[in-house]
Amino acid sequence: MWMLAVALLHSISHVFSEELHASLYFVNASLQEVVFASTTGTLVPCPAAGIPPVTLRWYLATGEEIYDVPGIRHVHPNGTLQIFPFPPSSFNNLIHDNTYYCTAENPSGKIRSQDVHIKAVLREPYTVRVEDQKAMRGNVAVFKCIIPSSVEAYITVVSWEKDTVSLVSGKLLRFSFPAGTGRDVSG
Ligand SMILES: *[C@@H]1O[C@H](CO)[C@@H](O)[C@H](O)[C@H]1NC(C)=O
Ligand SMILES: *[C@@H]1O[C@H](CO)[C@@H](O)[C@H](O)[C@H]1NC(C)=O
């Protein structure tokens, strides 16, 4: 009788402690966007996890479970989604600019990460330019650094130079044009 009671207690506490330790949680709830260069590719760990070990799956925001595309996209057994480097001619927006999410599932349940936008930036040569501006004496001339729109979001203007002398940083250069001088300030 005692033996049975002890054995019963033991199994109850065993189940109880397993339940206590079972959990599902988010590793990185702030992960909403991954921007990567086409020349490097990217590895995106599933932002959800749990105990006991979870099954991790990636989906497109449309709900389709994603499939491996050899040499292009792969989900590792540890739940990390890999997008391989690719040449600009192989850009495919379904893979290289799409919204994904990941789920983590174990006997205690299932959770879904929030949507993660995974977006490749093509590494292509680009040039920036600046247009001439006219300003009245005593006024301010504003020069804008003109960047091709395909790369604009990822470019930081680090400096403006005049005759190789660095002036300021930022996309706009405000040049005050002192009254009484007739200097050419283009540049
Ligand atoms: C969480 O995601 C943000 C945004 O991508 C990233 O900067 C940060 O390093 C991540 N933190 C962890 C712990 O992975
Ligand atoms: C998952 O596995 C891949 C491939 O082995 C590895 O590159 C990556 O660092 C691993 N990620 C984590 C979070 O362990």
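We count ligands from 1, going down the list as the structure has it; atoms in each ligand are counted the same way. Reckoned from all heavy atoms, side chains included, excluding hydrogens, waters and symmetry mates.
Of the possible polar contacts, one joining the Tyr100 side chain to the Ile95 backbone as a donor-acceptor pair under 3.5 Å is found.
Val128 has its side chain within reach of Tyr126: a pair of non-hydrogen atoms, C-beta onward, lies under 4.5 Å apart.
As a member of the Ile/Leu/Val/Met/Phe/Trp/Tyr network built from side-chain separations under 4.5 Å, Val165 groups with nothing else and remains a singleton.
When all heavy atoms are compared, the tightest approach of Cys46 to Trp58 is CA-CZ2, 3.6 Å.
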Filter the ligand 2-protein atom pairs down to N or O on both sides and distance under 3.5 Å, then list them.
residue: ligand 2; atom: 2 (O); partner: Asn78; partner atom: OD1; Å: 3.4
residue: ligand 2; atom: 2 (O); partner: Asn78; partner atom: ND2; Å: 2.4
residue: ligand 2; atom: 11 (N); partner: Asn78; partner atom: ND2; Å: 3.0
residue: ligand 2; atom: 11 (N); partner: Thr80; partner atom: OG1; Å: 3.2
residue: ligand 2; atom: 14 (O); partner: Asn78; partner atom: ND2; Å: 3.2

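For Thr55, the side-chain contact (heavy atoms from CB on, under 4.5 Å) partners two or more places apart in sequence, or in a different chain, are Arg57. Applying the side-chain contact (heavy atoms from CB on, under 4.5 Å) rule to Val121 yields the partners Val35, Tyr154; only residues at least two apart in sequence or on another chain are considered.
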